[in-house]
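In this text the structure is predicted, and so the values were computed from the model without any measurement.
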Amino acid sequence: MLASVGCERPANPGPQSVPSSTEAEIPATIPPSQADVESGVDSNVSVDEIKQWIDAGEFDEAEQGLRRRLALDPTDPPLLFLAARCSHGRGALDDALEYLTLIPADHPQAGLAAQGQAADWLMQAGKLPEAEARFEEMIQRYGNLPPLHRRMASLLNSQGRRVEAAEHVRQLIRLGDVTEKELLSLTTLSVPFHDEQIDLVSGSPLHQLARAKRMLVQDDVSQARQIAEQLYADFPQSTAIAAFVGRVYNVMQAEDLLANWVATLPAGIEAEPEYWAAMGQWMLRRGQPKVAVRCLSEAVVRDPTDRVAYLRLAEALAATGDAAAAERVAARQQVLQQCWQWAINIGFERDTRREDMQQLAATLSEVNRPWEAVAWEFIAAHDRNELDQKLPELRERREELAASDSAADDPLFLTCGVDPSQYPLPDLTSLAAEASTAESTAATVSNRFQLAPALSANSSANASLGTPSTSAASIKLVDVAKERGIDFQYLNNQSANDAHIVMYQTAGGGIAAFDFDLDGWTDLYFCQAGGLPNVADGSQPNRLYRNLAGQQFTNVADHARTDDRGYGQGVAAADLNQDGFLDLVVANIGDNRIYINNGDGTFTESTVAGSGGWTTSIAVGDLDGDALPEIVEINYIDDPAALTAQCWGQGFDCTPRIFRQANDRILRRDANGNWRPWEMDNRFAETPNYGFAGVIANFDHSAGNDLFVVNDTKENHFWVSRQGDGSSTFGITNQAALRGCASGASGEEQGCMGIAAGDFNRDGLLDLHVTNYWQQPANLFLQRSGGFFTDYAAQYGVAEPSRATVGFGTQASDFDRDGWLDLAVLNGHVFDPVENNTPEIPFRMPPQLFRGHHGGFALDVTATEADSFWSTPTLGRTLAKLDFNRDGRPDLVANHLDASVALLENRTEGGHWLRLDLVGVTSERDAVGAHVTVRHADDVWHSWVIGGDGYLCTNESTVDFGVAAHSQVAEIKIEWPSGARQIFTGVDTNQSYLVVEHDDRLVPR
């Protein structure tokens, strides 16, 4: 429960509460008046008796007594108050209000109480606009009384009208009568605020707006939409409701609904920051960044706490080429994000609460919110029992603020120097006109979450190609692990009760698919655990399974000397020393290991200097442009408490955010062959986070390779390459916030786990699929231009099926060879929800298979017919891809916390295929960053050589294409990381080829 501490009482005297009917200042008894005595009226009927009758519900008796007494004095305020209560008890609200209006508003004792009671009854009756008008009238009449502003804030917050409510909370701060919870409500106004102590249960449908906003924040989009649309139908002139409807449609990425929405906007909508935020994000998605800048600037001027609006504004500015302004706005967004995190810590009363209060107060001053800052100083001083000591100084600061307080913030300060007037407004007439031509039938919209819609206007021209239907062949992926000799299961040192789990036991173990002995058959390496973290030889040995011509696998880890016994996490296979043999980098909770391939079936082990922490994944590729690979350690938590914290039992809180985050590291090989941290000028080591997976590729076709890292519960990182000053080497800078991939469509940070990379809409740009936590839809980051992304998960049919999952490993591959990438995903919760009193949430979850086509993705429910693997709930984790039997069809290998490894053989009868193994000469040998384009007639496909490969794994490095009905392709073009290009024409398909940089031959394999 949040504490409620008053900062300071106002100096001027005045009423401190608005009494309800039970608090009205009515004497228990009133002696008979002189007129009473003279008229002979029964003096035994006292006000006290009438009050007792009303309390007992005996309204007839109370009414008779009131009639006799009011006949003598019809203007007596206490009697009128009781008459109002009697009528209200009978259900006659209008009569009750009429009695209260007879009490003079300027009556020194009863006037304010009568007005307050009328407003309360109106709220209880669901007459919220009338109640609001009463409170406004009282504020005008009686002045800035804290109880009035508190009730107004409560009334408005209960309707989801957060920006309006905030004005009244700010008045409470100025009056020196604000609670901690009210202060917390100001941190971010774009999220709902709910206070059980002041919730107004009236049954009014207007309260449903706040509920709908809570649904949207909880990612229950369908329920939020249903409520919002009903409210809009009932209250078409409500600008707050209209603005929220636009926000919902924007989250849905429903272009047709947005066009219809624009055509029906009520007058005054421009006052709503949520309207401008929705419009700005829509314009950004439509490829109109300048219009987006105008809209989002208008949004933050009206609500300078909107973290998502600032994030999108930074993206829009970056897209217009104004990098300096984009950086300023992104910095402001980070400040607001940190304030939000401090507020969360304070609200949950975590160990850092006092320190967080001080940080929050200091930062709010920096963003020109000094009244909130000083209020937090009061709260912090009270929390530390230092209020008496600090009070004189704090009062002086309040007086200084009151003397210098300005009416409003400078808009240019709020927009970080961006002048909104220099950017165009949206053309509402043109947008509304689209409503008449857009595909907008109710059936199409209602099925948006089940069936992938058509591509947006800026999608690939390939969308209209006549590729085979996804229904042409049923995808069949069948588990053959046992019959092929793979009997491995990852052990995480879990207790007999699988609900009793600690943080380090949740991630799973890594997989590498690589041909270590160069016999042409892909082998498999599995990381193992089973012991305690940070113990070098405390776990079971890792295993290396040699592939015997696709028929059997045999464990050779002992002979190969790759049987590491650390607490295993991820693994990467790469040619670290450029000798033609793939090496291994093993991530542990503890020291990481490098295994150099000796070329004779054995490896030489060494320890990665300075590791020793919690590394989840490893990515390897050239990041500095010297044609030699770097090692990227993606690290998770740097906090010993995470290795012992009990994550079960009622009320447990094991979110990673309560533990100290870790720094990722980039390692370069020095002249002596040692791997050392890369000292760069880009603050790479100064951006700790909860890293899970990474991908190295040349996303933007500029400078060199880039690095995308997904982080758990915090913003992702996108390290973009740039040319070094006066040299041929590169640096990298984190531009995730500017490039649209720091977070998903909602703009809120998510629990990101796995990555799959590929060209999902066939526009020639590399896209990303990211798996997320429960009730957080997966992301589908499509590049809208070189290096800039938009999350199209909703529009492409991925969002809704992924909400009710906790996704981990994911891979993109064309399983049915129809020319469109499909997606496979492993799911499974982190902690048993039963332990957190949410038994309706599953612990084990079945995997998912999404079939790609020209309109997006559709969940394949027929996969269960091929193998029970796809219908069996498990705690799925790592997923890697390979073609273990060299039949030209991509297979998968899946790892779990509670089941043995599955080797999923692809038995799909599909179209034609083409596979290329690239070997760099001038480029690094693994050719990470190479871009391959395949063309035939109007069909074009793109693929890349990628480092990292997703969640804790390394895929087979072959560049793989499904080419649908084509038995031959007209052209293959390869763009090497060195800049070299090679073109091959008239190439037969259904064949694997070896391609060596600068060699004009395609060598069949």
Would you say NZ of Lys973 has more than 12 non-hydrogen atoms from neighbouring residues, nucleotides or ligands within 6.0 angstrom? yes
Would the distance check show the side chain of Asp759 and the main-chain N or O of His942 forming a donor-acceptor pair, the cut-off being under 3.5 Å? no
Mind checking whether Phe553 and Phe884 have parallel, tilted or perpendicular rings, split at 30° and 60°? tilted
Identify which one of Phe781, Phe788, Phe718 satisfies the ring-ring contact (aromatic ring centres under 6.0 Å, His included) criterion when paired with Phe699. Phe718
Please answer whether the main-chain N or O of His931 pairs with a side-chain N or O of Glu975 as donor and acceptor at a distance below 3.5 Å. no
Measure up the Trp944 and His701 rings against each other and bin them: parallel (under 30°), tilted (30 to 60°), perpendicular (over 60°). tilted
Flag the pair Phe516 / Phe581 as yes when their ring centroid distance falls below 6.0 Å, and as no otherwise. no
Between Asp583, Thr602, Asp564, Thr562, which is the residue that forms a side chain to side chain donor-acceptor pair (under 3.5 Å) with Tyr595? Asp564
Regarding Arg285 and Thr790, is there a side-chain donor-to-acceptor distance under 3.5 Å anywhere? no
Determine whether the side chains of Glu633 and Ser611 contain a donor N or O and an acceptor N or O closer than 3.5 Å. no
Backbone of Ala737 reached by a side-chain donor or acceptor of Glu715 within 3.5 Å: no
Are a donor atom and an acceptor atom from the side chains of Thr989 and His966 found within less than 3.5 Å of each other? no
Is it the case that the side chains of Thr958 and Asp960 hold a donor-acceptor pair, with the cut-off being a distance below 3.5 Å and no angle test? no
Test item: side-chain donor near acceptor, Asn598 and Thr604, under 3.5 Å: yes
Side chains of Ser606 and Arg593: is there a donor and an acceptor less than 3.5 Å apart? no
We want to know whether Thr320 and Asp322 form a side-chain donor-acceptor pair, criterion being a heavy-atom distance below 3.5 angstrom. no
Answer yes if the side chains of Thr615 and Asn635 hold a donor-acceptor pair under 3.5 Å, and no otherwise. yes
Please confirm whether Arg889 makes a cation-pi placement over Trp913, using NZ or CZ under 6.0 Å from the six-membered ring centre and within 45° of the ring normal. no
Given the ring of Trp820, does Arg851 sit roughly above its face, with NZ or CZ under 6.0 Å from the centre of the six-membered ring and within 45° of the axis? no
